[in-house]
Amino acid sequence: MNSGRILIIIPAWNESGSIADVVTEVRGELPDVDILVVDDGSTDATSVRAAAAGARVVRLPYNLGVGGAMRLGYRYARDHGYDVAVQLDADGQHDPRFVPELVAALADVDLVIGARFAGVGDYTVRGPRRYAMVLLAAALSRIARTRLTDTTSGFRAANRRVIEMFARAYPVEYLGDTVETVVHVAKTGLRIVQVPVAMRARMAGVPSQSVGKAALYLARAAVVLGLALIRRYEAPPDPAAPVGAGPAVPAAGTAEVPAATARSVAG
């Protein structure tokens with residue numbers, strides 16, 4: 001795997017039971033990448049255990065959600081000159097052995113989604129929630145003009161143009177980090193593709209969604225999709241163009257993000 005400087009961004013909220021194992025596995029499988037854990041206001045030992053396992057850690061003063069954590073991660077990637085940013089979940093479901101495949105696919109596109117339902121592995125979602133995900137994937141496939149089967153996957157790789165775009169404007173609302181980001185990339189003329197990956201059971205914790213909430217999930221997704229379709233997005237910036245200074249995040253170690261910076265990320 002040789003596509004320039006690669007940053008693995010791991011948003012984490014109260015994942016002390018799994019984060020050390022996730023970081024250790026990534027370091028073992030991908031020794032040439034850098035790892036940034038964005039602690040999204042955890043109240044447990046997530047930051048301590050991530051740092052002890054060898055990750056660079058930035059800690060938000062309060063919980064912003066995945067969108068806010070990822071926006072900070074993309075700003076870090078932009079400000080430190082990374083060529084590729086890969087989002088990896090903190091619960092151990094994403095297998096880092098698939099990262100080279102996602103990065104390789106960036107040779108022809110701008111955003112790569114690791115898809116759970118594309119013929120690799122035995123990960124399944126049943127019942128109403130599965131039907132909701134199928135309907136959402138069908139709608140987003142039409143918008144992106146490519147077949148997408150898993151538009152809510154958080155296992156993604158982005159090139160420098162997308163890093164620049166997401167560092168400036170990354171949705172922080174519910175499902176914005178998955179649904180709206182696909183619309184954002186597609187509507188600005190950038191290219192998206194999915195790569196089949198195998199998902200695993202969580203190392204710790206419980207899933208954030210239950211089958212019983214499938215109807216509410218679909219309704220919220222429809223609202224997010226509708227708003228994304230009418231929202232106007234800026235054209236993707238030139239990666240070589242100068243940008244304003246991002247949050248003051250060190251190149252190594254652990255850092256507390258000031259409340260003022262957190263508010264700018266949330267906005």
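Shown here are the side chain to side chain donor-acceptor pair (under 3.5 Å) partners of Glu180, two or more places apart in sequence or in another chain: Arg231, Tyr233.
A donor-acceptor contact shorter than 3.5 Å links the side chain of His94 to the backbone of Asp89. Distance alone, capped at 3.5 Å, is enough to place a donor-acceptor pair between the Gln194 side chain and the Thr149 backbone. A side-chain donor-acceptor contact under 3.5 Å links Arg200 to the backbone of Gly92. Listed for the Ser42 side chain is no donor-acceptor partner under 3.5 Å among the backbone atoms of Asp39. At distances below 3.5 Å, not a single donor-acceptor pair connects side-chain atoms of Thr178 with backbone N or O atoms of Thr152. Side chain of Asp34 to backbone of Leu7: no donor-acceptor contact under 3.5 angstrom is found.
A salt bridge links Arg191 with Asp110: the closest approach of a Lys/Arg side-chain nitrogen to an acidic carboxylate oxygen falls below 4.0 angstrom. With respect to the salt-bridge test (charged N to carboxylate O, under 4.0 angstrom), the residues Arg116 and Asp150 qualify.
Side-chain N/O atoms of Arg156 and Thr181 include a donor and acceptor closer than 3.5 Å.
When side chains are defined from C-beta on, Ile6 does not count as touching Asp83, because their heavy atoms never get closer than 4.5 Å. The side-chain heavy atoms of Phe155 and Val99, taken from C-beta on, include a pair separated by under 4.5 Å. When side chains are defined from C-beta on, Val193 does not count as touching Asp108, because their heavy atoms never get closer than 4.5 Å. Two residues are said to be in side-chain contact when any heavy atoms from C-beta on lie closer than 4.5 Å; Met165 and Thr188 meet this criterion. At a threshold of 4.5 Å between non-hydrogen side-chain atoms, the residues Ile10 and Leu36 do not count as touching. In this structure, the side chains of Phe166 and Val185 come closer than 4.5 Å at one or more pairs of heavy atoms. Val172 has its side chain within reach of Arg71: a pair of non-hydrogen atoms, C-beta onward, lies under 4.5 Å apart.
To the nearest 0.5 Å, the span separating OG on Ser47 from CZ on Arg59 amounts to 5.0 Å. Taking CG from Asn159 and CG from Leu111, the interatomic distance works out to 8.5 Å, rounded to the nearest 0.5 Å. Atom CG of Asp44 is separated from atom CZ of Arg49 by 7.5 Å, given to the nearest 0.5 angstrom. Atom CG of residue Leu148 and atom OG of residue Ser141 lie 4.0 Å apart, to the nearest 0.5 angstrom. Interatomic distance, OH of Tyr82 versus CD1 of Ile8, reported as 10.5 Å (0.5 Å rounding). A distance of 6.5 Å separates CD of Gln87 from CG of Asp177, quoted to the nearest 0.5 Å.
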Given Arg78 and Arg168, is the side-chain contact (heavy atoms from CB on, under 4.5 Å) satisfied, shown in steps? CA-CA 10 Å; Arg78 176 196 66 186; Arg168 299 182 185 209; 4.1 Å; yes

Let me see the working for Asp91 and Glu15 under side-chain contact (heavy atoms from CB on, under 4.5 Å), right down to the final yes or no. CA-CA 7 Å; Asp91 59 14; Glu15 295 284 2; 4.1 Å; yes

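Classification of the Tyr170-Tyr74 ring pair by plane angle, with boundaries at 30° and 60°, yields tilted.
The side chain to side chain contact (heavy atoms under 4.5 Å, CB included) test with Asp40 singles out one residue from Leu64, Val66, Asn14, Val58, and that residue is Leu64. Considering Ile113, Val179, Thr146 as possible partners of Leu140, the one that fulfils the side chain to side chain contact (heavy atoms under 4.5 Å, CB included) test is Val179.
Within a 6.0 Å sphere centred on CZ of Arg27, other residues, nucleotides and ligands contribute 12 heavy atoms or fewer.
Grouping the Ile, Leu, Val, Met, Phe, Trp and Tyr side chains by contacts below 4.5 angstrom, directly or via other members, places Trp13 apart from Val48. Residues Ile192 and Ile143 fall within the same hydrophobic cluster, defined by Ile, Leu, Val, Met, Phe, Trp and Tyr side chains chained together at heavy-atom separations under 4.5 Å.
The two residues Leu102 and Ala157 make their nearest non-hydrogen contact at CB-CB, 3.9 Å. Across Leu88 and Pro11, no two heavy atoms sit closer than the pair O-CD, 3.5 Å. A pairwise comparison of heavy atoms in Val197 and Gly114 identifies CG2-C, 3.6 Å as the closest pair. For the residue pair Pro96 and Leu30, the shortest heavy atom distance occurs at O-CD1, 3.8 Å. Across all their heavy atoms, Ala85 and Ala77 have their closest contact at CB-CB, 4.4 Å. In terms of heavy atoms, Ala105 sits closest to Val112 at CB-CG2, 3.7 Å.
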